[in-house]
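Position 1 is the first residue of the sequence; numbering continues from there.
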Amino acid sequence: MDELKNHLKELRERLFLFQEKLSLEEKRKKLRELESQTLKESFWDDRITAQKISGEIADLQNELSEIEKLEERLKGAFEIANLATLGQE
């Protein structure tokens with residue numbers, strides 16, 4: 001069981017490094033900025049720009065969602081490993 005926990009810890013560390021390389025905080029900030037632009041009354045006055053911004057928003061949301069899913073799966077794996085450890089005691 002310790003081997004599994006060590007492997008999960010290594011995966012978590014790799015995920016954190018991956019997140020840093022992807023500059024996730026910067027992407028979240030960019031997403032918030034773009035979303036705030038869509039709230040402006042004149043947003044759709046320039047359809048081409050509006051569509052481009054909407055596409056960027058969708059891309060960022062998808063990318064962030066995939067990373068969040070990985071985080072949740074890893075968290076779930078840790079919980080299962082902890083429960084299995086408790087069951088062995």
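Here Glu33 does not pair with Lys30 in a salt bridge; the nearest charged N to carboxylate O distance is not below 4.0 Å.
Going from atom OG of Ser65 over to atom CG of Leu60 covers 12.0 Å, rounded to the nearest 0.5 Å. Here the CG atom belonging to Leu39 is positioned 11.5 Å from the CG atom belonging to Leu34, to the nearest 0.5 angstrom. To the nearest 0.5 Å, atoms CG (Leu24) and CG (Leu31) are separated by 11.5 Å. The distance from the CG atom of Leu11 to the CG atom of Leu70 is 10.0 Å, given to the nearest 0.5 Å.
For the pair Leu15/Gln19, a side-chain contact is recorded, criterion being any heavy-atom separation below 4.5 Å from C-beta on.
Here the closest non-hydrogen pair linking Phe78 and Arg12 is CZ-CZ, 3.7 Å. Scanning both residues, Glu63 and Leu22, for their nearest heavy atoms gives OE2-CD2, 3.9 Å.
Within the structure, the salt bridge (Lys or Arg N to Asp or Glu O under 4.0 Å) test picks out the following pairs touching residues 66-77 (sequence neighbours left out): Glu66-Lys69. Applying the side-chain hydrogen bond (donor to acceptor under 3.5 Å, both in side chains) test to pairs two or more places apart or on separate chains, those with a residue in residues 43-58 are Asp46-Thr49.
By the criterion of side-chain heavy atoms lying less than 4.5 angstrom apart, applied directly or through intervening Ile, Leu, Val, Met, Phe, Trp or Tyr residues, Phe16 is not grouped with Leu8; the two fall into different hydrophobic clusters.
In this structure, Phe43 places its CZ atom where more than 12 heavy-atom neighbours from other residues, nucleotides or ligands lie under 6.0 Å away. In Ile48, the CD1 atom is not crowded: 12 or fewer heavy atoms of neighbouring residues, nucleotides or ligands sit closer than 6.0 Å.
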| Should Glu25 and Arg28 be marked as a salt bridge (Lys or Arg N to Asp or Glu O under 4.0 Å) after you check the CA-CA gap, both sets of side-chain angles, and the distance that decides it? | CA-CA 5 Å; Glu25 285 307 313; Arg28 286 182 180 108; 2.8 Å; yes
